[in-house]
Amino acid sequence: MAEFSFDNLTLERAERLVAEGLSARVRGGETLLLTGANGSGKSSLLRALAGLMLPTAGVIAWDGADISRNADAHRARLAFVGHQDAVKPGLTAIENLRVWAALGGGDAPAALDAFKLASLADRPARFLSAGQRRRLALSRLALRPRALWLLDEPVTALDADSRAGFQALLQHHLAQGGIAIIATH
């Protein structure tokens, strides 16, 4: 079973120490929950784990191999949903997903269905509520299987039904041997 780890990480942003000495190991079927106050470094850690930010010190590894040695393989195994939705307001919901599907494959209509957004497929994203935009961002998780999910505040702006839908998708991901690292307050 796959294992994702980070050992003795030090993170800096704008020459400011964000965190140091961070270590954890997460195996297939497991979730690591990152908690802390705003500004405590959760988002920076997720960015580093995604390979979007280099740690000042330490190692991030997949099955014992440093991810920096094969960045393409690391990108291919992960799905990253940041705290900002990365939804293009001028595109419709389905067009937003088709862009993501064009980059990495997947079935855009099925991904919309996963978060009950099919009825909004042709609505420009600028007219979606905050919760609908968040569900659209999260629907990228349903486009195609990825071994590693890195999620920053995934249930922000979601109602109870949408939270339950997210929880079901997460449980399915874990049951398939996936790994999830989730930052939250």
Side-chain angles (χ1 to χ4, degrees), residues 2-69 71 73-89 100 115 128-142 146-160 162-174 177-185:
E3 180 183 85
F4 187 60
S5 63
F6 49 97
D7 293 304
N8 205 28
L9 287 188
T10 298
L11 303 174
E12 293 180 0
R13 288 194 77 175
E15 299 180 19
R16 181 180 70 84
L17 180 66
V18 174
E20 64 182 334
L22 300 176
S23 298
R25 285 184 176 21
V26 190
R27 291 179 181 81
E30 295 178 345
T31 300
L32 175 64
L33 190 62
L34 306 173
T35 60
N38 290 337
S40 63
K42 299 180 305 290
S43 297
S44 294
L45 176 58
L46 287 177
R47 290 180 53 75
L49 298 178
L52 300 173
M53 173 180 156
L54 294 175
T56 306
V59 175
I60 302 168
W62 182 265
D63 286 339
D66 187 333
I67 65 164
S68 67
R69 296 185 191 272
H74 186 60
R75 278 190 296 275
R77 80 173 60 92
L78 77 88
F80 177 78
V81 178
H83 66 277
Q84 295 180 341
D85 293 328
V87 170
K88 299 294 182 192
W100 286 100
F115 279 90
L128 298 177
S129 71
Q132 290 167 336
R133 281 192 311 274
R134 192 60 178 164
R135 286 172 27 219
L136 180 58
L138 289 169
S139 65
R140 294 192 328 249
L141 299 171
R146 295 289 194 218
L148 175 62
W149 288 3
L150 302 174
L151 310 175
D152 198 350
E153 302 288 346
V155 298
T156 296
L158 295 185
D159 59 27
S162 298
R163 285 176 186 240
F166 167 74
Q167 185 66 31
L169 188 65
L170 176 61
Q171 290 303 320
H172 177 75
H173 171 68
L174 297 173
I179 295 170
I181 299 178
I182 303 173
T184 187
H185 292 32

Enumerate, atom names and distances included, each donor-acceptor pair closer than 3.5 Å involving a side-chain atom of residues 34-41, sequence neighbours excluded.
from, atom 1, to, atom 2, distance (Å)
N38, OD1, H185, NE2, 2.4
S40, OG, A37, O, 2.7

Show which side-chain atoms of residues 2-9 pair as donor or acceptor with protein atoms under 3.5 Å away, not counting sequence neighbours.
from, atom 1, to, atom 2, distance (Å)
E3, OE2, R27, NE, 3.4
E3, OE2, R27, NH2, 3.2
D7, OD1, R25, NH1, 2.7
D7, OD2, R25, NH1, 3.4

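Atom CG of L150 sits about 7.0 Å away from atom CZ of F80, to the nearest 0.5 Å. The distance from the CH2 atom of W149 to the CG atom of L170 is 6.0 Å, given to the nearest 0.5 Å. Interatomic distance, CG of L141 versus NE2 of H173, reported as 8.0 Å (0.5 Å rounding). In this structure, L151 CG and L46 CG are separated by 8.0 Å, a value rounded to the nearest 0.5 Å.
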Stepwise side chain to side chain contact (heavy atoms under 4.5 Å, CB included) test for I179 and R77:
CA-CA 10 Å; I179 295 170; R77 80 173 60 92; over 6 Å; no
Check against side chain to side chain contact (heavy atoms under 4.5 Å, CB included), R135 and F166:
CA-CA 9 Å; R135 286 172 27 219; F166 167 74; over 6 Å; no
Test side chain to side chain contact (heavy atoms under 4.5 Å, CB included) applied to L136 and D85, step by step:
CA-CA 8 Å; L136 180 58; D85 293 328; over 6 Å; no
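Closest of all the heavy-atom pairs between L158 and G131 is CD2-O, 3.7 Å. Shortest non-hydrogen contact noted between R146 and A76 is NH1-O, 2.9 Å. Residue K42 comes nearest to A183 through the heavy atom pair CB-CB, 3.8 Å, listed as atom of the first residue, atom of the second, then distance. Nearest heavy-atom pair, A48 versus L11, reported as atom, atom and distance to 0.1 Å: CB-CD2, 3.7 Å.
Every residue two or more places apart in sequence or in another chain that forms a side chain to side chain donor-acceptor pair (under 3.5 Å) with R75 is listed here: D72. Residues passing the side chain to side chain contact (heavy atoms under 4.5 Å, CB included) test with T156, sequence neighbours excluded: E153. Remark: E20 engages T10, L17 in a side chain to side chain contact (heavy atoms under 4.5 Å, CB included) (not counting sequence neighbours). Considering only residues two or more places apart in sequence or on other chains, W100 meets the ring-ring contact (aromatic ring centres under 6.0 Å, His included) condition with none of them. The side chain to side chain donor-acceptor pair (under 3.5 Å) test applied to S68 returns D66, not counting sequence neighbours. For D152, the side chain to side chain donor-acceptor pair (under 3.5 Å) partners at least two apart in sequence or on another chain are S43, H83. Listed by chain and number, the residues in a side chain to side chain contact (heavy atoms under 4.5 Å, CB included) with A130 are R133, A157 (sequence neighbours excluded). Not counting sequence neighbours, the partners of A19 by the side chain to side chain contact (heavy atoms under 4.5 Å, CB included) test are L22. Contacts of R140 classified as salt bridge (Lys or Arg N to Asp or Glu O under 4.0 Å), with partners at least two apart in sequence or in another chain: none. With sequence neighbours excluded, no residue forms a side chain to side chain donor-acceptor pair (under 3.5 Å) with T31.
Using a 4.5 Å heavy-atom threshold, the side chains of P154 and V81 count as separate. Side-chain contact between L138 and L169: absent, with no pair of heavy atoms (C-beta onward) separated by less than 4.5 Å. The side-chain heavy atoms of L49 and L148, taken from C-beta on, include no pair separated by under 4.5 Å.
Counted within 6.0 Å of CG on L54, heavy atoms from surrounding residues, nucleotides or ligands total 12 or fewer; the atom is thus considered open. No more than 12 heavy atoms of other residues, nucleotides or ligands lie within 6.0 Å of CD in Q84, so this atom counts as exposed by the packing criterion.
Remark: side-chain polar atoms of H74 are not paired, donor with acceptor, to backbone N or O of R69 under 3.5 angstrom.
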